[in-house]
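Note that this is a predicted model, so its numbers are computed, not measured. By convention in this document, chain letters (A, B, ...) are assigned in the order of the sequence lines, proteins followed by strands, and residues within each chain are numbered from 1.
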Protein chains: 2
Amino acid sequence: MRLSRAGEYAVRCMLYLSMAGKGVLVRRKTVAREMDIPEQFLGKIAQQLARAGLMEIVQGAKGGFRLMVFPEELTLLAVVEAVIGEIFLNDCVLRPESCHRSPDCKVHQVWTEARDRFRESLQKATFASLMDCR
Amino acid sequence: MRLSRAGEYAVRCMLYLSMAGKGVLVRRKTVAREMDIPEQFLGKIAQQLARAGLMEIVQGAKGGFRLMVFPEELTLLAVVEAVIGEIFLNDCVLRPESCHRSPDCKVHQVWTEARDRFRESLQKATFASLMDCR
DNA sequence: ATAAATAAGATCATTTTTATCCTATATATA
DNA sequence: TATATATAGGATAAAAATGATCTTATTTAT
Ligand code: SF4
Ligand code: SF4
């Protein structure tokens with residue numbers, strides 16, 4: 001019940017891009033080195049972040065990554081879920097039909113509410129507020 | 001980022017024992033059948049629950065499981081953590097030394113607080129309140 | 001044209017998860 | 001006491017998820 005390494009790397013990557021600023025091109029190699037992320041692996045993760053519209057990938061010489069949203073609009077939740085998928089905590093929260101008890105299971109309700117609160121807490125955290133991480 | 005199957009099975013097992021009542025012996029086979037848990041796997045999970053002092057295992061003919069605490073005192077958090085270990089959400093929350101940024105990383109703070117809130121929500125849920133799941 | 005840089009698919013290693021098998025042990029009861 | 005019943009516990013295994021790298025292709029600045 002923990003964030004995957006890929007998820008953590010995604011956050012660090014977006015943190016670096018946020019510090020550079022929206023639209024500013026940063027080389028993949030730089031992000032990898034500065035944020036301690038295996039460069040090739042970062043490439044994979046970046047694809048997911050780009051597909052989610054959070055960054056843009058520029059190919060070719062002088063290529064790299066470019067933040068596509070304002071840090072003020074970018075949340076920890078968006079970044080994490082772009083990589084690990086929507087957080088649901090327990091199978092039955094995502095697919096109630098996976099357990100015949102779900103219609104009136106109190107545990108199911110607890111998980112559902114816990115998920116909501118949890119996602120809210122990650123949504124409240126914007127990169128604008130996170131990036132002055134020194 | 002989801003509860004393991006073992007964790008979910010543990011909850012269902014304790015749910016069944018709670019409905020039977022503290023101290024009441026229930027056969028492993030019954031719990032497995034009623035709660036849709038592979039019986040041998042349940043055996044393994046029960047060992048962890050027993051080690052945590054939440055239930056007792058009785059060997060021999062007419063053996064089985066027995067709830068050792070009042071459902072009012074048993075929390076979802078205790079059951080889940082007995083099986084999957086303490087919830088920490090992100091590595092650096094458990095071991096800050098795993099990332100040199102942790103001392104003043106805002107993201108680290110968010111994860112730490114999210115973990116606290118999350119654990120609280122699972123701690124508030126006692127089996128007394130969960131078991132009238134029908 | 002060349003060099004620099006990332007893309008994308010394939011592949012691989014490791015770890016975690018989810019079990020099951022098998023032998024041992026404990027206990028009720030005939 | 002012998003037997004049947006039921007769980008313990010270690011070993012093992014299959015499957016899935018995770019973490020990462022390799023290779024070839026493609027893009028783009030110069
Ligand atoms: S028993 Fe309740 S919490 Fe568990 S899987 Fe079924 S619906 Fe979900
Ligand atoms: S960057 Fe921050 S959140 Fe990520 S591992 Fe380091 S301390 Fe934790």
For residues 20-33 of chain B, the side chain to side chain donor-acceptor pair (under 3.5 Å) pairs (sequence neighbours left out) are Arg28(B)-Glu39(B)
**OP:** Answer yes or no: is there an ion pair linking Glu8(B) with Arg5(B), defined by an N-O contact shorter than 4.0 Å?
**Re:** no
Sequence neighbours excluded, the answer for side chain to side chain contact (heavy atoms under 4.5 Å, CB included) partners of Gln59(A) is none
Out of dA29(D), dT18(C), dA4(D), minimum distance to the side chain of Arg2(B) belongs to dT18(C)
To the nearest angstrom, the CG-P distance between Leu3(B) and dA17(D) comes to 15 Å
Write down the protein N/O and nucleotide N/O pairs, taken from nucleotides 23-25 of chain C, whose separation is under 3.5 Å; answer none if there are no such pairs.
from, atom 1, to, atom 2, distance (Å)
dT25(C), O2, Gln59(B), OE1, 3.3

Glu8(A) atom CD is separated from dA20(D) atom C1', nearest whole Å, by 17 Å
Between CG of Asp36(A) and P of dA20(D) the distance, given in whole Å, is 12 Å
Exercise for the section: Indicate yes or no for a side-chain donor-acceptor contact from Ser129(A) to the backbone of Ala125(A) under 3.5 Å, with no hydrogens or angles considered. Expected result: no
Sequence neighbours excluded, the answer for side chain to side chain contact (heavy atoms under 4.5 Å, CB included) partners of Ala50(B) is Met55(B), Ile57(B)
Result for 5'-nearest mapping on DNA chain C, choosing between Phe65(A) and Arg5(B), is Phe65(A)
Across all chains, not counting sequence neighbours, the ring-ring contact (aromatic ring centres under 6.0 Å, His included) partners of Phe41(B) are Tyr9(B)
So, with a heavy-atom separation below 4.0 Å from DNA chain D, the residues of residues 77-91 of chain A are none
When rounded to whole Å, the CG to P distance for the pair Leu25(A) and dA5(C) reads 11 Å
Met1(B) CE to dA17(D) C1', in whole Å, measures 15 Å
Residues passing the side chain to side chain contact (heavy atoms under 4.5 Å, CB included) test with Glu86(A), sequence neighbours excluded, are Glu81(A), Arg115(A), Arg119(A)
- Can you check whether Tyr9(B) has a side-chain N or O nearer than 4.0 Å to OP1 or OP2 of dT18(C)? no
Residues at least two apart in sequence or cross-chain that pass ring-ring contact (aromatic ring centres under 6.0 Å, His included) with Phe118(B), listed by chain then number, are Phe118(A)
Pairs of donor and acceptor atoms involving the side chains of residues 91-100 of chain B, under 3.5 Å and at least two apart or interchain, shall be tabulated with distances.
from, atom 1, to, atom 2, distance (Å)
Asp91(B), OD1, Arg2(A), NE, 3.0
Ser98(B), OG, Arg95(B), O, 2.7
His100(B), NE2, Asp36(A), OD2, 3.4

- Item | Contact under 4.0 Å: Arg28(B) side-chain N or O vs dA6(D) OP1/OP2 | no
Sorted by chain and residue number, the salt bridge (charged side-chain N to carboxylate O under 4.0 Å, His left out) partners of Arg51(A) (sequence neighbours excluded) come out as none
Residues in residues 37-55 of chain B with a heavy atom under 4.0 Å of DNA chain D, by number, are Glu39(B), Lys44(B), Gln47(B)
Show which side-chain atoms of residues 65-72 of chain B pair as donor or acceptor with protein atoms under 3.5 Å away, not counting sequence neighbours.
from, atom 1, to, atom 2, distance (Å)
Arg66(B), NE, Gly23(B), O, 3.2
Arg66(B), NH1, Glu56(B), OE1, 3.0

